Number of protein chains: 2
Amino acid sequence: MPETTPVDQVMELVSLLQRDMAHSFARDGLTEARAHLLWVLQDGPTTQRALADALRVTPRNITGLVDGLVASGHVVRRAHPTDRRATLVDLTEPGADLLRSMTEGYAEMHEVLFGGLPDRELAAFGRTLGRVVDRLRARLVEEGIG
Amino acid sequence: MPETTPVDQVMELVSLLQRDMAHSFARDGLTEARAHLLWVLQDGPTTQRALADALRVTPRNITGLVDGLVASGHVVRRAHPTDRRATLVDLTEPGADLLRSMTEGYAEMHEVLFGGLPDRELAAFGRTLGRVVDRLRARLVEEGIG
DNA sequence: TATTGTTATACTCTATAACTATA
DNA sequence: TATAGTTATAGAGTATAACAATA
């Protein structure tokens with residue numbers, strides 16, 4: 001019988017989580033990339049340049065994603081108050097509503113994944129996971145994908 | 001200061017792992033979708049229909065992915081021995097070599113993520129992760145994404 | 001000179017629908 | 001009738017390169 005390794009478990013987690021999120025986004029009429037952009041707008045109006053950095057894609061991409069979100073009524077482009085080259089992307093009222101529901105969904109994820117787990121078990125899990133994430137981050141830096 | 005929750009940690013893990021894998025695949029001249037297809041071929045020659053089910057995409061997609069992998073010399077199409085409608089996709093020698101190196105990379109991932117961790121800690125982590133994965137799987141079934 | 005965002009172009013992944021060959 | 005895979009068509013995400021406006 002094929003044994004399940006911790007690495008298998010992690011990969012399975014990634015796969016399931018991706019499917020779950022893609023499903024949620026689709027239900028909201030969003031793609032993953034657009035949902036990601038909306039998520040970044042939590043921090044307030046943002047230039048397209050900053051969005052490109054946050055999403056790790058080219059500025060050209062942001063143009064397309066923002067175009068889509070403008071068409072769907074979730075965001076608007078506004079003039080930057082001091083830099084006339086730059087454009088600020090900001091949430092509309094419906095966009096802010098959607099982001100709120102996304103935030104609620106994110107909070108509920110804690111209950112879905114960990115609800116009812118003993119505090120000690122959850123704490124231990126978090127400690128180990130923290131180490132794993134740190135190792136992975138270090139590896140990316142090593143590989144120059146920092 | 002913004003507190004890091006276990007859900008944040010999980011999301012960070014997913015994000016980092018995706019970047020790491022995309023980087024590895026790109027280094028091998030593969031996209032994520034093509035790497036996934038190659039991975040499925042571990043189990044031997046496979047019909048395109050079975051690949052479509054495994055990758056959860058439409059048969060039309062498999063045509064495109066296989067076309068790409070044929071062009072890059074990683075796989076070949078072969079006649080199905082008994083069903084003349086079906087096509088078997090099989091690894092070439094270079095494709096098998098690449099898959100071997102992917103398998104090695106997968107095995108090394110254990111060392112990257114968990115190397116040097118005490119057995120007890122790793123075992124506890126695996127137990128909790130198993131529960132979390134089960135919960136997530138149950139949720140997908142509930143949502144009808146089974 | 002450097003930066004911001006756009007137009008132009010191209011590639012990949014994805015989907016649906018219609019079709020052919022076969023079962 | 002149903003299934004396997006293709007052609008046709010379309011939309012979304014991604015990239016590079018060239019460009020205009022502004023810093």
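Just so it is clear: chains get the letters A, B, ... in the order the sequence lines come, proteins before strands, and each one is counted from 1. Given the structure is predicted, the values throughout are model-derived calculations rather than measurements.
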Report task. Quick one: which residue pairs count as a ring pair (Phe, Tyr, Trp, His ring centres under 6.0 Å) with a foot in residues 17-49 of chain A, not counting sequence neighbours? Result -> A/Trp39-A/Tyr106
Query - Nearest heavy-atom neighbours spanning B/Leu122 and A/Pro6 - result: CD1-CG, 4.1 Å
Query raised in the report: Excluding sequence neighbours, so at least two apart, what forms salt bridge (Lys or Arg N to Asp or Glu O under 4.0 Å) with A/Arg137?
Result: A/Asp134, B/Glu12
Report summary line: Contact check, residues 50-85 of chain A vs DNA chain D, heavy-atom distance under 4.0 Å, returns A/Val57, A/Thr58, A/Arg60, A/Asn61, A/Leu65, A/Thr82, A/Asp83, A/Arg84, A/Arg85
**Report entry** DNA chain C: 5'-most and 3'-most nucleotides touching chain A, 4.0 angstrom heavy-atom criterion
**Finding:** C/dT3 to C/dA8
**Report entry** Where at least one partner belongs to residues 117-132 of chain A, residue pairs that pass salt bridge (charged side-chain N to carboxylate O under 4.0 Å, His left out), sequence neighbours excluded
**Finding:** A/Glu121-B/Arg131, A/Arg131-B/Glu121
Query raised in the report: For A/Thr5, which residues count as a side-chain hydrogen bond (donor to acceptor under 3.5 Å, both in side chains) partner, sequence neighbours excluded?
Result: A/Asp8
Query - Any residue meeting ring pair (Phe, Tyr, Trp, His ring centres under 6.0 Å) with B/His110, in chain and number order, not counting sequence neighbours - result: B/Phe114
Query raised in the report: Of all residues at least two apart in sequence or in a different chain, which pass the side-chain contact (heavy atoms from CB on, under 4.5 Å) check with A/Leu129?
Result: A/Phe125, A/Val133, B/Gln9, B/Val10, B/Leu13, B/Phe125
Report task. Tell me which residues in residues 18-46 of chain B put a heavy atom below 4.0 Å from DNA chain D, sorted by number, or none. Result -> none
Check: residues 89-101 of chain B side-chain donor-acceptor pairs under 3.5 Å, at least two apart:
residue: B/Asp90; atom: OD2; partner: B/Arg78; partner atom: NH1; Å: 2.5
residue: B/Thr92; atom: OG1; partner: B/Gly73; partner atom: O; Å: 2.6
residue: B/Thr92; atom: OG1; partner: B/His74; partner atom: O; Å: 3.1
residue: B/Thr92; atom: OG1; partner: B/Gly95; partner atom: N; Å: 3.1
residue: B/Asp97; atom: OD1; partner: B/Arg100; partner atom: NH2; Å: 2.6
residue: B/Ser101; atom: OG; partner: B/Leu98; partner atom: O; Å: 3.1

Show which side-chain atoms of residues 49-56 of chain A pair as donor or acceptor with protein atoms under 3.5 Å away, not counting sequence neighbours.
residue: A/Arg49; atom: NH2; partner: A/Asp53; partner atom: OD1; Å: 2.8

**Report entry** Sequence neighbours excluded - salt bridge (charged side-chain N to carboxylate O under 4.0 Å, His left out) pairs with any residue from residues 17-35 of chain A
**Finding:** A/Asp20-B/Arg139
